[in-house]
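First comes the structure, then the notes that go with it.
Position 1 is the first residue of the sequence; numbering continues from there. The structure presented is a predicted model; accordingly, all values stated were derived computationally and were not measured.
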Amino acid sequence: MALNIQLYRNNNQKSKNYGQVYGRVSNSEPKGVDYLAQHMAEHQTPFSPGTIKGILTDAVSCIRELILLGQPIKLDNLAIFKAMITSNGANSATEYDLKKNVKCVRLLAQATGTVRRAEMTKDGFLEYTDLSLAIRDGQAELPTGNPDDDGGSGSSGSEPDVRP
């Protein structure tokens, strides 16, 4: 099994890397708890997919509850999950108001253990998508724009994320 890499052109005219070609993971549709439970049940476990689904469903609910109480949760070799906020600044501490300045509460998943960047890069097996391979071989044209239609890189910044 491999990570399929799709080629795209950076169409963000404000970017110093405008026009350059990059690769990104071509992900399939997200799978739900049922899929994960079935997959886990196929790994020589004595538990049925239904039992596993129940445990996972309860775990998700409890993890969310604890995170919203300010308790980060670490799932070894996956991520540390914790709450973060996005807020607007105030001129002083007395002017900072939670209802006015906090824009949103969001989830941060920080990779840990074997899911850290270096480990994932070392263990990952990459392949071009069929279209990207045809583009590289000169048998197809690079599509205009990118799949997200934002001209960016899929990262939160304005520059493409080209880190290894």
Closest non-hydrogen atom pair between [X] and [Y], with its separation:
X      : Y      : value
Ser15  : Asn10  : OG-ND2, 3.2 Å
Val115 : Ala111 : O-CB, 3.4 Å
Glu95  : Ala90  : C-CB, 3.9 Å

Please identify each residue that fulfils side chain to side chain donor-acceptor pair (under 3.5 Å) with [X], with sequence neighbours left out.
X      : result
Glu42  : Gln38
Gln20  : Tyr22
Ser132 : Thr129
Asn101 : none

With sequence neighbours left out, write down each residue that passes side chain to side chain contact (heavy atoms under 4.5 Å, CB included) with [X], or none if nothing qualifies.
X     : value
Met40 : Leu36, Ile52, Leu56
Thr94 : Ser92
Ser48 : Thr51
Leu68 : Arg64, Val105

| task | Enter the distance from Ile55:CD1 to Cys62:SG here, rounded to the nearest 0.5 Å. | result | 12.0 Å
| field | Under 3.5 Å donor-acceptor, Arg9 side chain and Gly19 backbone | value | yes
Only pairs under 3.5 Å count here: list side-chain donor-acceptor contacts from residues 133-142, not counting sequence neighbours, and write none if there are none.
unit_1: Arg136; atom_1: NE; unit_2: Tyr128; atom_2: OH; d: 3.3
unit_1: Arg136; atom_1: NH1; unit_2: Tyr128; atom_2: OH; d: 3.2

Residues 71-89, side-chain donor-acceptor partners within the protein, below 3.5 Å, at least two apart:
unit_1: Asn77; atom_1: OD1; unit_2: Thr114; atom_2: N; d: 3.0
unit_1: Thr86; atom_1: OG1; unit_2: Arg106; atom_2: NE; d: 3.0
unit_1: Ser87; atom_1: OG; unit_2: Tyr96; atom_2: OH; d: 3.3

| said: Please say yes or no: joined through hydrophobic side-chain contacts below 4.5 Å, possibly via intermediate residues, are Leu126 and Met120 part of one cluster? | reply: no
| message | Would you say OH of Tyr35 has more than 12 non-hydrogen atoms from neighbouring residues, nucleotides or ligands within 6.0 angstrom? | response | no
| What residues, two or more places apart in sequence or in another chain, satisfy salt bridge (charged side-chain N to carboxylate O under 4.0 Å, His left out) together with Asp34? | Lys53
| query | Can you name the salt bridge (charged side-chain N to carboxylate O under 4.0 Å, His left out) partners of Glu119, sequence neighbours left out? | reply | Lys122
